[in-house]
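One structure below.
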Amino acid sequence: MSLAVCPGSFDPITLGHVDAVRRARAMFDEVVVAVAHNPAKRYLFDADERVDLARRSLADLDGVRVELVPGLLARYCADVGATAIVKGLRGAADFDAEHAMALMNRHLSGVETVFVMGDPALAHVASSLVKDVARHGGDLTDLVPPAVAEAMRRALSNSGEAR
Ligand code: PNS
């Protein structure tokens, strides 16, 4: 049984992430979407909300589950016997950021990272940009699943950050 781990902050999960998870699932029997939590980072959604939104966005995919991974990703991969880490790449800038992480995770646990090229139609979709669009009242259709769009509007209006 092959197991892929798809890690990220998922603050929040986007249609780009969903695309990468689908591609991972096409190659591996089981996929764990690993929601990382870094206490030093300022998130729009807390860890439980990020897990919940990812679960709702991926509910129709068999063989995919979502877990909170608060510590070192390499340790989690070793604990669950991951076959590989799978990451989606939008372009060369993503590769530059991912290269060192892939080498570090392999150094720590021996686990290889497999990169999948995302759908080019989603190459502009990044959680940070989507949050900026949401803060300024832009249309989130085709960027995030509907439940995420609704949660973003609510979170930003509660925080008084929205337009
Ligand atoms: O979505 P992101 O923020 O680009 O994902 C980065 C993430 C969460 C994959 C990375 O920061 C991570 O793996 N964090 C868990 C802690 C860890 O293992 N850090 C060392 C990474 S080599």
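A quick note: this is a predicted structure, and the numbers were derived from the prediction, not measured. Quick note: numbers below take in every heavy atom, side chains included, and nothing from hydrogens, waters or symmetry partners. Whatever order the structure lists them in is the order used to number ligands and atoms, beginning at 1.
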Could you check whether any heavy atom of [X] sits closer than 4.0 Å to an atom of ligand 1, since that is the contact criterion I want to use?
X	answer
R75	no
G71	yes
K87	yes

Measuring to protein heavy atoms, does anything land under 4.0 Å from atom 15 (C) of ligand 1?
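Given the 4.0 Å limit, the answer for atom 15 (C) of ligand 1 is yes, a protein heavy atom qualifies.
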Kindly indicate whether atom 5 (O) of ligand 1 is approached by any protein heavy atom to under 4.0 angstrom.
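So atom 5 (O) of ligand 1 has protein heavy-atom neighbours under 4.0 Å.
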Measuring only between side-chain heavy atoms, which start at C-beta, is V32 closer than 4.5 Å to C6?
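V32 does not reach C6 side chain to side chain.
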V125 versus V130: any side-chain heavy-atom pair under 4.5 Å?
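V125 reaches V130 side chain to side chain.
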Pair [X] + [Y]: basic N to acidic O under 4.0 Å:
X	Y	value
R23	D19	yes
R65	E30	yes
D79	R75	no

Could you tell me which atoms of ligand 1, counted from 1 in the order shown, lie closer than 4.0 angstrom to a heavy atom of M104?
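Selected atoms, number and element: 22 (S).
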Considering only heavy atoms of L73, which atoms of ligand 1 have at least one such atom less than 4.0 Å away?
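Listed by number with element, the hits are 13 (O), 17 (C), 18 (O).
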Between [X] and [Y], do the side chains contain an N or O donor and an N or O acceptor separated by less than 3.5 Å?
X	Y	result
H124	R90	no
D11	S9	no
T113	K87	no

Nearest neighbour in protein (non-hydrogen) for [atom]:
atom	value
atom 20 (C) of ligand 1	L72 CD1, 4.2 Å
atom 11 (O) of ligand 1	M101 SD, 4.4 Å
atom 3 (O) of ligand 1	S9 OG, 2.6 Å
atom 12 (C) of ligand 1	A36 CB, 4.6 Å

Just distances here: any N/O of K41 and N/O of ligand 1 closer than 3.5 Å?
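Yes; the residue has a nitrogen or oxygen that sits under 3.5 Å from a nitrogen or oxygen of the ligand.
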